[in-house]
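Being a predicted model, the structure only gives us computed values, none of them experimental. Just so it is clear: chains get the letters A, B, ... in the order the sequence lines come, proteins before strands, and each one is counted from 1.
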Amino acid sequence: MKQFIYADNAATTQLSKAALDAMMPWMLSEYGNASQPYSFARKPKKALADARAAIADCINAQPDEIFFTSGGTESDNWAIKGSAFSDAQKRATITTTFEHHAILHSCYAIERLGYPVAYLTPTEEGLITTPELQTIISDTTRLVSIMYANNEIGSIQPINELCEVAHSHGALFHTDAVQAVGHVKIDVQRLGVDMLSASAHKFNGPKGIGFLYIRKGTTVSPYADGGAQEMKHRAGTENIAAIVGMAAALTENCTAMDEHIDKAYRLEKRLLDGLCAAHVTFSRNGGDNTLPGLLSLSFPGADGEAILHRMDLSGICISTGSACNSESTEISHVLQAIRLDESLAKGTIRIALGKNNNEDDVDRIVQALLRIVGQEVQ
Amino acid sequence: MRIDCVICGKVNLDKDTIGINKKLLGAEITNYYCMDCLADYLGCTVQELLDKIQEFKDEGCTLFK
């Protein structure tokens, strides 16, 4: 029987046992609405406050700067649209061409409403540089939104420096840190960001829950009108179980972060060494500073989609940077943004190792890759 | 054009078999396998290949019937 190996932890992660255990009481016995004034609502209300404080602590924020959302997509939509709609004078937004679609499609939406958006192009290593931001930012810029780390190639951006440029022009700075929170140390004070998006299922929490950090004093339009939840900025009865699960998962990951990072880099090295030892020709995308465990690898002349499906037949889950539609092979917008040569882009896969992977998994991934890529290039 | 299995010689491979060969071995291939030989070559079962074919059809891939 095939051994199942999950190596697509950038797409989603397995719910941690600690998160599940933390969630259970809030789904069965403690189902009260935290907004109600009676005593049955006291426990969920306290759980909500405790979760908010725990999450704030993990990113060095204040509890009232954490706004719960349904996940990264909602957080990104809120940051882009909420800031665009909040200032009649400063209407321009700057983002990048290799953001997640939650950012890009939100930007296209505000463009259709007449708000100008400019798009920065990353370097071939997948970096946004401060000189490039300097060239297009102006005093009419309301928001600069640049992702913390790219979800396909893992490149980590110089957020602190980019943030300083934005602030020097009176603009807000948002970062989509969905891929980074719970995997690398995030300190919103040190970064200086005004808003930051996160999603629980990327750090071993439940799906359908996330948060947007909004620095105190930042003016952003409410996301949803209705009740007074989330400090009157995001109406809707809170999903206490998911919120508590998210807090438990993030706390667990942050507590063991150094250990997880060391392990991820060790596994990465083992995988790359295994390919090099077999003299496989490949290149790694994303530059020198990438998310731990995330490997975007390009095999010249190979077919990334074929590799993905054949790895799947071997019981291994990975991702690819190109996908076949009915007419042709479509290269992902990220690989296009870094101007990766087409023959490399078509042969690009993403392996995202997580805290539950081990050396044996990596050895099996290498063996499967060698078998597939070796056969493909014959 | 008639395409036969490069291993066992099974004649006139159908569109789904040719499609799954292209999907799993690359669009530029010139040698094709029948379902049994392809499963053997890839170390999987024919049923797993049939499941893949169904998924590709559900996605609307025109390589299949």
Report summary line: Checking heavy-atom separations under 4.5 Å from chain A, one finds in residues 13-22 of chain B none
Query raised in the report: A/Ala306 and B/Gly26: which non-hydrogen atoms are nearest, and at how many Å?
Result: CB-N, 4.4 Å
Query raised in the report: Do A/Arg310 and B/Leu25 touch side chain to side chain, with heavy atoms closer than 4.5 Å?
Result: yes
Could you pull out every donor-acceptor pair under 3.5 Å between side chains of residues 341-354 of chain A and any protein atom, sequence neighbours left out?
| from | atom 1 | to | atom 2 | distance (Å) |
| --- | --- | --- | --- | --- |
| A/Asp341 | OD2 | A/Ser343 | N | 3.1 |
| A/Asp341 | OD2 | A/Ser343 | OG | 2.7 |
| A/Glu342 | OE2 | A/Lys346 | NZ | 3.1 |
| A/Thr348 | OG1 | A/Ser298 | OG | 2.7 |
| A/Thr348 | OG1 | A/Leu344 | O | 2.7 |
| A/Thr348 | OG1 | A/Ala345 | O | 3.3 |
| A/Arg350 | NH1 | A/Asn151 | O | 2.8 |
| A/Arg350 | NH2 | A/Asp8 | OD1 | 2.9 |

Query raised in the report: With chain A, which of B/Glu48, B/Lys52, B/Glu55 has the greatest number of heavy-atom pairs at distances under 4.5 Å?
Result: B/Lys52
Query raised in the report: With distance as the sole criterion, is a donor-acceptor pair present between the side chains of A/His309 and B/Lys23 under 3.5 Å?
Result: no
**Report entry** Flag if over 12 foreign heavy atoms under 6.0 Å of NZ, A/Lys207
**Finding:** yes
**Report entry** A/Gln14 atom CD, over 12 foreign heavy atoms within 6.0 Å
**Finding:** no
